[in-house]
Number of protein chains: 2
Amino acid sequence: MAYVEDRPHSPPNQPLPALDINIWKRRWVEFQRHHGLKTTSQRELIVDVFLHCQEHVSVEELLQRVRERNARVGYATVYRTMKLLIEAGLAVCRHFGDGQTRYEVSGPETPHHDHLICERCGLILEFENDEIERLQDNVAQRLGFKIVRHKLELYGLCPKALGVPGGHCPDEESRAAKTNSRP
Amino acid sequence: MAYVEDRPHSPPNQPLPALDINIWKRRWVEFQRHHGLKTTSQRELIVDVFLHCQEHVSVEELLQRVRERNARVGYATVYRTMKLLIEAGLAVCRHFGDGQTRYEVSGPETPHHDHLICERCGLILEFENDEIERLQDNVAQRLGFKIVRHKLELYGLCPKALGVPGGHCPDEESRAAKTNSRP
DNA sequence: CTTTTTGCAAATTCTTTGCAGCCCA
DNA sequence: TGGGCTGCAAAGAATTTGCAAAAAG
């Protein structure tokens, strides 16, 4: 079993290997052609930024990063592009407790991973477990399904929340102070 | 491994055994007392209707059923009550692809189950697999977490969608014709 | 040139809140 | 009584849509 350690919330630490990104870009180009989509700088930018995001970005976060490179991109374009990316199978969306849709890179080539979420402080860890995946396929097969993707989220208490009974988690404030900076 | 068969979308087929409902009701009463909540006919009605729902009801569906018994109940009360039920650990919420929050009965006594969702027709199957659960606890333990609850959703193609390449799924229309009957 | 795409703002949808009156304890 | 509870309507938040101007092929 392999697991990836501790990557709390959004700021991406290490972008995906350029190789993988190219695989997805190729798939994106293919999708564009197949659907007669035009190539626009905004869309390409959004796709690029998205593919460089490590994990589960919200539209707001994504747009923020996109605007670092082109300040004139609007929300609508991001929403529209994410819809395309989902259709293209490059992105999947997730809902953790807060009312935000988060997106992350998807695809058969991706080393898939699941999430472990602390209900007290919102810390999100990632992990991967081949055996679980195998059992999932098993179950699906038994019911006649063919699995395309899946979503596994474990909710509980992180070590910190457990260790200090009644105490705080580091993230607790940062969640409350969530700067809702949309105009 | 045990699995529960085929219960497409909402209309509940078989309510939970009265025994189980009583366990939850007892827990609810306990929660009420502990939180100094008053007993009101609306809330009790909502709780009762909810506990009798087989699976993943949306607020809209829930309210509709509640109104069969008391037409004057409002959305706000349902939302507020569902929040309490979640706090009380009697309900958990889920998001499948449509922009609706769905709720379902939860609790340690519940034989927990996960979902298998057809991306073509929206069919939702349920299943349960103890071994997967065990592996989940395992992973969590390794990362120092204590799991409270979890969410496993497998997305793919149902037998029908697989069997008839390019063909339709039964549910396809009913999803499109989704009567958005809110005033 | 034609067709898509964009950005804005307005519209929708789902959910939460403020508040006056109602009701349980 | 008196603080919680309800229903309504208004407020919020996230996402979608209509449209004229801009960009792509």
Over how many whole Å does the gap from [X] atom [atom1] to [N] atom [atom2] extend?
X      : N       : atom1 : atom2 : value
L37(A) : dT6(C)  : CG    : C1'   : 14 Å
Q42(A) : dA21(D) : CD    : P     : 18 Å
H35(B) : dC5(D)  : NE2   : C1'   : 17 Å
H95(B) : dA13(D) : NE2   : C1'   : 14 Å
N70(A) : dA23(D) : CG    : P     : 12 Å
Y79(B) : dG7(D)  : OH    : C1'   : 15 Å
Y75(B) : dC5(D)  : OH    : P     : 23 Å
E44(A) : dT4(C)  : CD    : C1'   : 14 Å

It should be established whether [X] places a side-chain nitrogen or oxygen under 4.0 Å from OP1 or OP2 of nucleotide [N].
X       : N       : answer
T77(A)  : dT5(C)  : no
T101(A) : dA14(D) : no
Q100(B) : dT13(C) : no

Open item on the list: Does R72(B) reach a base, just sugar-phosphate, or nothing at all? Heavy atoms under 4.0 Å.
Closed with: sugar-phosphate

Open item on the list: Under 4.0 Å, counting only non-hydrogen atoms across every strand here, what does S41(B) touch: a base, just sugar-phosphate, or nothing?
Closed with: nothing

Task: Nearest-nucleotide 5' precedence on DNA chain D, A76(B) against T39(B) - done: T39(B)

Open item on the list: Does H34(A), at its NE2 atom, have more than 12 non-hydrogen atoms belonging to other residues, nucleotides or ligands within less than 6.0 Å?
Closed with: no

Open item on the list: Less than 4.5 Å apart, side chain to side chain, heavy atoms only: is that true for I21(B) and K25(B)?
Closed with: yes

Open item on the list: Using side-chain heavy atoms (C-beta onward) and a distance below 4.5 Å, is E153(B) in contact with R94(B)?
Closed with: yes

TODO: Measure the spacing between OG1 of T77(B) and CG of L63(B) and express it to the nearest 0.5 Å.
DONE: 9.0 Å

Open item on the list: With rounding to the nearest 0.5 angstrom, report the CE to CD1 distance, M82(A) to I46(A).
Closed with: 9.0 Å

Open item on the list: Judged by each residue's nearest nucleotide on DNA chain C, which is more toward the 5′ side, K38(A) or Y103(B)?
Closed with: K38(A)

Task: Side chain R80(B) and base dG4(D) donor-acceptor under 3.5 Å - done: no

